[in-house]
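As a basis for the values below, the full set of heavy atoms in this structure was taken, side chains included, without hydrogen atoms, waters or symmetry mates. Chain naming here is simple, since letters A, B, ... match the order of the sequence lines and numbering starts at 1 in each.
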Amino acid sequence: MKTEPETFGWQDLVTRPQRRESWEGVRNYQARNFMRDDFMEDQQVFIYHSSTAEPAIVGIARVVKAAHPDPTALIPDSPYFDPKSAKAGASRWVMVDVEALATFEPAITLKRLREEPLLAGMALLQRGQRLSIQPIQKDEWETICHMARLIPVL
DNA sequence: GCCAACGTTGGC
DNA sequence: GCCAACGTTGGC
């Protein structure tokens, strides 16, 4: 799951009550469908910082609540307001709730990801890939988990 | 700030 | 339903 740390970063998640937050604001159908169809409770996800000086995978979170309607689509003042949802009277977007589990120390930079041959096929690294929610293969997950120390968040 | 690569919109 | 114009993403 990508996020811009200036808006909502790993440290923000870690310092939330119970280290949990609703992942609101995803406004792309394909990304939404990944959350809706593929995100099971207890599943683990990588959190990635984008649009920052050192883009990197920064930690692992766990899905604590599967996809449910994202109400920010109905709030006119929200940056995630969606007129079509408002007109229909129901949000067409979903969010999942996640809980911070462990921090990569050091964070695994995009540069290092690109340098790892085993990750050549990883979705994130493909040309033109911009989705804020992306699938990852089990072997890619394992490879990445071994690229840095994992410090449990507590 | 540039710009490639998409995704979305809306006139027809 | 096509597709040009426009908007967004995100690394660099």
Side-chain angles (χ1 to χ4, degrees), chain A residues 1-16 21-39 43-63 66-98 100-150:
Chain A
M1 308 179 86
K2 292 186 193 174
T3 188
E4 302 187 8
E6 209 161 288
T7 304
F8 184 83
W10 179 248
Q11 280 315 309
D12 295 308
L13 180 61
V14 166
T15 54
R16 281 290 193 276
E21 189 55 279
S22 294
W23 207 262
E24 64 190 32
V26 172
R27 294 292 179 270
N28 171 283
Y29 283 112
Q30 208 179 339
R32 179 199 69 179
N33 294 349
F34 280 135
M35 285 199 293
R36 188 190 59 195
D37 304 333
D38 301 339
F39 276 46
Q43 180 179 325
Q44 295 187 8
V45 297
F46 287 141
I47 303 299
Y48 174 84
H49 279 173
S50 65
S51 292
T52 185
E54 192 81 279
I57 294 176
V58 289
I60 294 178
R62 177 173 73 94
V63 175
H68 52 107
D70 179 351
T72 61
L74 304 176
I75 303 170
D77 288 341
S78 168
Y80 307 124
F81 179 65
D82 170 34
K84 287 189 180 176
S85 291
K87 196 175 177 190
S91 179
R92 56 180 170 150
W93 303 107
V94 302
M95 58 192 187
V96 297
D97 295 1
V98 298
L101 285 188
T103 305
F104 278 114
E105 184 57 49
I108 305 171
T109 63
L110 178 60
K111 182 169 181 294
R112 281 191 66 208
L113 295 172
R114 289 200 187 286
E115 287 168 356
E116 173 50 64
L118 292 174
L119 299 178
M122 187 180 173
L124 178 75
L125 306 181
Q126 304 313 302
R127 179 183 188 78
Q129 181 55 271
R130 303 176 311 168
L131 281 183
S132 61
I133 307 290
Q134 300 188 6
I136 187 161
Q137 301 302 123
K138 195 157 194 111
D139 60 326
E140 295 165 348
W141 178 276
E142 294 300 326
T143 297
I144 290 166
C145 283
H146 288 98
M147 289 175 71
R149 282 206 303 156
L150 271 169

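With sequence neighbours left out, the salt bridge (charged side-chain N to carboxylate O under 4.0 Å, His left out) criterion links A:Arg130 to no other residue. For A:Asp97, the salt bridge (charged side-chain N to carboxylate O under 4.0 Å, His left out) criterion is met by no residue, not counting sequence neighbours. Checked against ring pair (Phe, Tyr, Trp, His ring centres under 6.0 Å), A:Phe81 has no partners two or more places apart in sequence or in another chain. Under the salt bridge (charged side-chain N to carboxylate O under 4.0 Å, His left out) criterion, A:Arg62 pairs with A:Asp42, A:Glu99, not counting sequence neighbours. Shown here are the salt bridge (charged side-chain N to carboxylate O under 4.0 Å, His left out) partners of A:Glu140, two or more places apart in sequence or in another chain: there are none.
Rounded to a whole Å, the CD atom of A:Glu54 is 11 Å from the P atom of C:dG11. The CE atom of A:Met122 sits 12 Å away from the P atom of C:dG11 (whole-angstrom rounding).
Side-chain contact of A:Arg36 with A:Tyr29: a donor-acceptor pair under 3.5 Å is absent, judged by distance alone.
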Nucleotide-resolved protein contact map, nucleotides 2-9 of chain C, B/S/- at heavy-atom distance under 4.0 Å: ------BB

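Shown for residues 108-116 of chain A: residues whose heavy atoms fall under 4.0 angstrom of DNA chain C, namely A:Leu110, A:Arg114.
A ring pair (Phe, Tyr, Trp, His ring centres under 6.0 Å) check over residues 106-142 of chain A, counting only residues at least two apart or in different chains, returns the pairs A:Phe46-A:Trp141.
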Show me the donor-acceptor pairs, under 3.5 Å and distance only, between side chains in residues 100-121 of chain A and residues at least two apart or in other chains.
{"from": "A:Thr103", "atom 1": "OG1", "to": "A:Trp10", "atom 2": "NE1", "distance (Å)": "2.9"}
{"from": "A:Thr109", "atom 1": "OG1", "to": "A:Arg112", "atom 2": "N", "distance (Å)": "3.1"}
{"from": "A:Lys111", "atom 1": "NZ", "to": "A:Glu115", "atom 2": "OE2", "distance (Å)": "2.9"}
{"from": "A:Arg112", "atom 1": "NH1", "to": "A:Met147", "atom 2": "O", "distance (Å)": "3.0"}
{"from": "A:Arg112", "atom 1": "NH2", "to": "A:Met147", "atom 2": "O", "distance (Å)": "2.9"}
{"from": "A:Arg114", "atom 1": "NH1", "to": "A:Leu125", "atom 2": "O", "distance (Å)": "3.3"}
{"from": "A:Glu116", "atom 1": "OE2", "to": "A:Leu118", "atom 2": "N", "distance (Å)": "2.9"}

